[in-house]
Structures are given as structure tokens and as C-alpha cells.
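Input: a single structure, listed below in C-alpha cells.
Quantities reported herein were computed from a predicted structural model and do not represent experimental measurements.
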Amino acid sequence: MTAQQTTVVFADIVGSTALYEAMGNERAALAVTELLNDMSARVLQQGGRVVKTLGDGILCVFAEPTGAVRSMLQIMREQRERIALPVTNQQLSLRIGIASGEVLDVAGDCYGDAVNTAARLCERAAADEIWATDEVVRASSDSAGALFVRLGHLKVRGKAEPLLMYQIEWRADEAAEQLTLHGGLTDLGALQRQNSAQIQFSWGCSKQAFVSSDLPIHVGRASDAHLYIEDPRVSRLHARIDWHDGAFMLTDLSSFGTWVLFEGSDTPVQLRRDSCMLHGGGELALSLPFSAPDAPRIAFRISGEKLKFG
């Protein structure tokens, strides 16, 4: 058995649980199966191989990163068109992780660090997002229609050091106004400084602030979290806050959810592995709703100017 340089893709269907509840087992299973079959066909067209299906997702491999990127761009765009059809009542989204490295093929299955990394990226990505490692992006930067958003160095479970990550932007018609890069992967620092903002957090006796160029940041009980919340009810990696398209975006990554209550509103926004834009000020409740008097809470406020703590 010899390990070969391979690009690995994990693609997971988001929203299937709600689909089964809305459509019933038989119709929902048919919709999911059709989507998986369409995805498999696109993978084969770009020279890839579907290793196996995993519940509501697939694991596939490509000899070159370019084929993997092109295939996933096509899959994302076709699914958006399918959802937009008037006869379609399924709201299924995809999240995808792509990594390259040495992979060992054992009886048709594959093993290796790239397999684990692609799976972790898929877990971290939100619905409608493609995340990829720096190695994938460097090798596929000339792919037609591929735009790349630098996410920075992120901690990946199982890796000793943070990895440089990118989001691959597949919405070609919406990309012109986003923080995207064509081919040459110039640092985004200059762009971020032109549209800088700051977000301030306070909880208990602690206060901390970040500017947009500091992001992404992580909230949780893990000792290396940027916002360390010492409460056993909070997930180790509870939430991520990104700077995307000129806004602070909160993504719940927890076991039990995150609630957001904006100033001037009486109705919290509940997130379960979902995202929302943060604006103005308000509070976050972690793992428990605001109705619980002892819910772990974090206050936040956003400003375009540097804040000073008194």
C-alpha cells in the first residue's frame, strides 16, 4: 500500500432533518438520494471518484485540486438553481470541506491526514459554504470562476498548529462586492483596514474587543478560545464570529445552541448550527435561552471607532 498525493472532499447536506419532518420519510429520502446522485455525477465528470456516501453526504477524492474545486462550484450553483425552481419545495443546502495531502487507499476506502482535515472543515463550514486549505487554493488559484476569501489561521481539531483556511466563493454573480480574491492571493489586510469596525464583548468582570482584521474569533470553553467562557454548560467550541462582506457574522457551533437578543427587540434569535449578522448591540445566551435566569451571557456592542475601556 502506497500513499499518493490526493485531494479529498467531504460534502454534507444541511436541512435534511427538517425535510423529513415536512415531507415524510419516503419523499424526503427520494429528494436526498436525487441530490446525492447528482453530486456523484458531477464528481465523475471532473475526474473524481466517490469513495462512499455517509448518511446525508459523500466522501470523494480527486487526483488534482482543480478538479475538486470546479466540481464543487458546479454542484453549489446547480443546487441553488434547483431550489429556485417553482416546483421545488425542498430547501436543502450543502457545506463542503476540501483538503490535499497523502492519502492511503485500502480496498477502495481512503485514509490519511487530508481525509481527517477535509471532514473537520466540512464540520466547521456553515450552510452554502466551501472551506479549503491553503494547499488546495494555491494549486487551484487559476480555476475558472473560483474566488477565494482568506479566513486566517484557524484551529482544527486533531491538528497541533492552526491551519490557514480559505472560503471558496461560488456565487459568481454576487462576488464583486465581497472580500474575494482573483487568482493571486494578496493579503486582505488592506481591504479590511478600509472598512474597519470593532466589536466589544463583556461578561462577568471580563471585557475584550476585536477589530475586523482580528477575525475570525472563537467563543467557548476551550482554553485556547479567544472568548474563554468558564462554564461547563458552554461547548468547548461554541461559536465563531467572522468578518464577512463588511459585517460581523455569528455562527453557532455548539451542542445546545446560541440565542441573540438585539437591543430594542423582545424576541431572541435562536441559532442551532446556523448564522446571523450582528449589529448595534445586545446579548448572547449560550446553551440556555434568555428565559433561564442563570444562562451564560455575553454582552456585545459594535462600533466603527476604536473603543476604550474605562
Side-chain angles (χ1 to χ4, degrees), residues 1-14 16 32-33 35-76 79 94-127 129-143 146 148-168 170 185 222 224 236-237 240 253 273:
M1 294 182 292
T2 303
Q4 294 184 337
Q5 193 72 15
T6 305
T7 298
V8 181
V9 176
F10 266 92
D12 186 46
I13 298 175
V14 182
S16 59
V32 170
T33 300
L35 177 53
L36 290 174
N37 289 341
D38 288 345
M39 293 166 66
S40 298
R42 298 298 173 262
V43 169
L44 294 175
Q45 286 178 357
Q46 291 293 337
R49 177 173 71 89
V50 176
V51 178
K52 55 187 173 183
T53 57
L54 301 161
D56 293 343
I58 61 172
L59 165 62
C60 47
V61 293
F62 294 79
E64 300 292 337
T66 299
V69 171
R70 286 177 176 168
S71 178
M72 294 306 111
L73 289 172
Q74 184 180 17
I75 285 171
M76 283 292 205
Q79 179 60 8
L94 298 170
R95 58 180 181 178
I96 296 171
I98 309 176
S100 292
E102 290 191 345
V103 172
L104 189 65
D105 188 304
V106 180
D109 207 343
C110 57
Y111 302 87
D113 182 62
V115 179
N116 298 329
T117 300
R120 300 292 178 259
L121 296 191
C122 184
E123 291 175 358
R124 295 283 295 274
E129 288 185 349
I130 305 173
W131 281 30
T133 60
D134 179 59
E135 186 174 3
V136 170
V137 171
R138 295 280 172 186
S140 57
S141 59
D142 293 329
S143 296
F148 305 97
V149 179
R150 181 185 172 113
L151 299 176
H153 287 80
L154 304 181
K155 184 69 176 177
V156 177
R157 181 158 54 93
K159 305 289 289 186
E161 299 294 332
L163 299 179
L164 178 57
M165 298 297 174
Y166 287 84
Q167 181 180 331
I168 301 178
W170 54 272
L185 304 177
D224 58 349
R236 289 180 55 79
L237 182 58
R240 182 184 75 244
L253 305 169
R273 299 301 177 102

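- Taking 4.0 Å as the cut-off between side-chain N and carboxylate O, Asp224 and Arg236 do not count as a salt-bridged pair.
- The two residues Gly97 and Leu121 have their closest heavy-atom pair at CA-CB, 3.8 Å.
- Using a 4.5 Å cut-off on side-chain heavy atoms (C-beta onward), Met165 and Arg124 make no contact.
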task: Verify side-chain contact (heavy atoms from CB on, under 4.5 Å) between Arg49 and Asp105, making sure each step is shown before the conclusion.
output: CA-CA 12 Å; Arg49 177 173 71 89; Asp105 188 304; 3.1 Å; yes

- request: Take Thr133 and Val137 through the test side-chain contact (heavy atoms from CB on, under 4.5 Å) and record every step on the way to the result.
  value: CA-CA 7 Å; Thr133 60; Val137 171; over 6 Å; no

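- Every residue meeting the salt bridge (Lys or Arg N to Asp or Glu O under 4.0 Å) condition with Glu123, not counting sequence neighbours, appears here in chain and number order: Arg120, Arg157.
- Rounded to the nearest 0.5 Å, atoms CZ (Arg42) and CG (Leu73) are 13.5 Å apart.
- Without hydrogens or angle criteria, Thr117 side chain to Asp113 main chain gives a donor-acceptor distance under 3.5 Å.
- In the model, Gln5 has a side-chain atom that pairs as donor or acceptor with a side-chain atom of Glu135 under 3.5 Å.
- Taking SG of Cys60 as the start and CE of Met39 as the end, the distance is 7.5 Å to the nearest 0.5 Å.
- Using a 4.5 Å heavy-atom threshold, the side chains of Leu35 and Leu94 count as touching.
- Using modelled atom types, one finds no donor on one side chain facing an acceptor on the other under 3.5 Å when comparing Ser140 with Thr66.
- Scanning all heavy atoms of the two residues, the minimum distance from Ser100 to Val136 falls at OG-CG2, 3.3 Å.
- Residues satisfying the salt bridge (Lys or Arg N to Asp or Glu O under 4.0 Å) criterion with Asp56, sequence neighbours excluded, are absent altogether.
- With values rounded to the nearest 0.5 angstrom, Gln74 atom CD is found 6.0 Å from Gln46 atom CD.
- Interatomic distance, Leu104 CG to Cys110 SG, rounded to the nearest 0.5 Å: 9.5 Å.
- Here the closest heavy-atom approach between residue Ala114 and residue Gly101 is recorded as CB-N, 3.6 Å.
- Under the 4.5 Å side-chain criterion, counting only non-hydrogen atoms from C-beta, Trp170 is not in contact with Ile75.
- Trp131 has its side chain out of reach of Ile98: every pair of non-hydrogen atoms, C-beta onward, lies at least 4.5 Å apart.
- Atoms CD1 and CZ, on Ile58 and Phe10 in that order, are 10.5 Å from each other to the nearest 0.5 Å.
- Within the 4.5 Å cutoff, the side chain of Val103 has no heavy atoms near those of the Gln4 side chain.
- By the 4.5 Å heavy-atom criterion applied to side chains, Val9 and Leu59 are not counted as neighbours.
- For the pair Ile130/Gln167, no side-chain contact is recorded, criterion being any heavy-atom separation below 4.5 Å from C-beta on.
- Between Arg95 atom CZ and Met76 atom CE the span is 10.5 Å, to the nearest 0.5 Å.
- Between Asp134 and Arg138 there is a salt bridge, since a side-chain N of the basic residue sits under 4.0 Å from a carboxylate O of the acidic one.
- The side-chain heavy atoms of Glu64 and Val69, taken from C-beta on, include no pair separated by under 4.5 Å.
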